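Working notes, structure below.
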Protein chains: 2
Amino acid sequence: MESHAVMHYRRDNMADLLRSHDINPTHQRIEIAYALFSRQAHLSADQVMMIVNDRHAETSKATVYNTLKLFLEKGMIREVIVDPSKVFYDPNISPHHHLYEVDSGELTDIDAHQVRIEGLPELPENMETEGIDLIIRVRRKKA
Amino acid sequence: MESHAVMHYRRDNMADLLRSHDINPTHQRIEIAYALFSRQAHLSADQVMMIVNDRHAETSKATVYNTLKLFLEKGMIREVIVDPSKVFYDPNISPHHHLYEVDSGELTDIDAHQVRIEGLPELPENMETEGIDLIIRVRRKKA
DNA sequence: CCAATAATTAGACAGAGTCCAATTCCTAGA
DNA sequence: TCTAGGAATTGGACTCTGTCTAATTATTGG
Ligand SMILES: [Mn+2]
Ligand SMILES: [Mn+2]
Ligand SMILES: [Zn+2]
Ligand SMILES: [Zn+2]
């Protein structure tokens, strides 16, 4: 007996997920959300574009970028900045860090609850933390 | 009486600095190193380009990019990936983290010695850490 | 001084992301 | 059911960062 069922994201969950983040569900938005959430993977805009238009073209580049930005603003996804050439979008919004394999570009999640960061300096009074990004850059040992 | 004199980088230090990193000093490389080290600032390639060609054009875009990459390979500078649109180059190679003011793009150093990061998972046997990047993203409090 | 090598260069090119005006879609009300 | 108007989508031009290449220029050791 499982105490926590693994969340499965199906296409027909997407409209509710979108609405719960104050986003009007449309065909394109549902497809883009489904690309990210069904895979639970870190995808670039270009990868989202290819996934969504795999069978037949139906979503423009402008819409992919508009939509990812909208999801971001509404807090439905996160962005991960590790590769200087492209942004990755992350359907996992729970507090977590990243392990980045620099050669392959593979990104792995690290639960933030098991990590403690201590000794950070106080922020100036008029500043507030928006987020703390911890990235472990790893590479395959040579030879 | 100061126990530690603040390091001042002058144009005529640059050739030795370059040589100490196994880099052949040339006019362009000296100018680019001087742009970074005299300011001790985090600069984008484009900013370096503008600084170096401020008085009169003498260094091409290709050379700026070639040279920054060379400095990086030789471990003379670091790169900082926080902004999705451009890389920052950092003349400070001592272990440190970054505070990033997302609205202005301003980057501030945080000495790594005063920060402890605990609870990171073990790496797979065939992997090695290349670096740990900790970025505190802050924004000005609204109103 | 000369030949070999190293460094620089202009400019073409590529990829990520933005922008805009025109079109299409959706929905609330009549 | 029809329609007006706001919301969303679109193609494609555009910008910006960074790469590449073949030609030129600078440096160096003999
Ligand atoms: Mn479809
Ligand atoms: Mn000069
Ligand atoms: Zn993640
Ligand atoms: Zn720094």
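Here is the naming used below: chain letters follow the sequence lines, and residue numbers restart at 1 for every chain. Bear in mind that the values here come from a model prediction, so they are computed numbers and not experimental data.
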When the side chains of residues 115-128 of chain B are checked against the rest of the protein, which donor-acceptor pairs come out under 3.5 Å, sequence neighbours left out?
none

_To the closest 0.5 Å, what do you measure between OG (B/S44) and CE (B/M50)?_
7.0 Å
*Using links of under 4.5 Å between side-chain heavy atoms of ILVMFWY residues, direct or through other members, which residues join A/I81 in one cluster?*
B/I81
*Steps toward salt bridge (charged side-chain N to carboxylate O under 4.0 Å, His left out) verdict (A/D103, A/R140)*: CA-CA 8 Å; A/D103 299 311; A/R140 210 167 292 275; 5.8 Å; no
*Kindly point out which of C/dA7, D/dC20, D/dA13 is positioned nearest to the side chain of A/K61?*
D/dA13
*Enter the distance from A/L134:CG to A/I110:CD1 here, rounded to the nearest 0.5 Å.*
6.5 Å
*asked:* Pairing donors with acceptors under 3.5 angstrom, does anything connect the side chains of B/D111 and B/H97?
replied: no
*Check DNA chain D against residues 63-73 of chain A and give the residues with a non-hydrogen atom under 4.0 Å, in numerical order.*
A/T63, A/N66
*asked:* Students often get this wrong, so: under 4.0 angstrom with heavy atoms, is B/T59 touching a base, only sugar-phosphate, or nothing?
replied: sugar-phosphate
*For atom CD1 of A/I23 and atom P of D/dA7, their distance in whole Å*: 16 Å
*If we ignore angles and hydrogens, is there a donor and acceptor under 3.5 Å between the side chains of B/H96 and B/D90?*
yes
*If you measure from OH on B/Y100 to CD1 on B/I136, what distance do you get to the nearest 0.5 Å?*
14.0 Å
_Nearest-0.5 Å distance, CZ of residue A/R29 to CG of residue A/N66_ = 8.5 Å
_I need the CZ-P distance between A/R29 and C/dC26, as an integer number of Å._
12 Å
_Whole angstrom value for the distance that separates C1' of D/dA7 from CG of A/D22_ = 15 Å
*Using heavy atoms and a sub-4.0 Å distance, could you list which residues of residues 81-92 of chain B are near DNA chain D? By number, please.*
B/S85, B/K86, B/V87
*Starting from Watson-Crick (N1-N3 plus N6-O4 or O6-N4) and G-U wobble pairs under 3.5 Å, report the runs of at least three that DNA chain C belongs to.*
C:1-30 with D:1-30
*So do the side chains of A/R39 and A/Y9 get within less than 4.5 Å of each other, counting heavy atoms only?*
no
*Any chance the side chains of B/N92 and B/S94 put a donor and an acceptor closer than 3.5 Å?*
yes
*To the nearest 0.5 Å, what is the distance between CZ (B/F37) and CG (B/L17)?*
5.0 Å
*Could you tell me the separation between the CG atom of B/L36 and the CG atom of B/L68, rounded to the nearest 0.5 Å?*
6.5 Å
*Figure out the NZ/P separation between B/K74 and C/dA7, and round it to whole Å.*
10 Å
_Integer-rounded Å distance: C/dG17 C1' and A/Q47 CD_ = 16 Å
*asked:* Whether B/Q28 contacts C/dT9 is assessed here as follows: a side-chain N or O lying under 4.0 Å from the phosphate OP1 or OP2. Is that the case?
replied: yes
*Are B/D109 and B/H98 close enough that a side-chain donor and a side-chain acceptor fall under 3.5 Å?*
yes
*Starting at the 5' end of nucleotides 23-30 of chain D, put B wherever the base has a protein heavy atom under 4.0 Å, S where only the sugar-phosphate does, and a dash everywhere else.*
--------
*asked:* As a test of reading the structure: which of D/dA8, C/dA16, D/dG11 is closest to the side chain of A/S60, going by heavy atoms?
replied: D/dG11
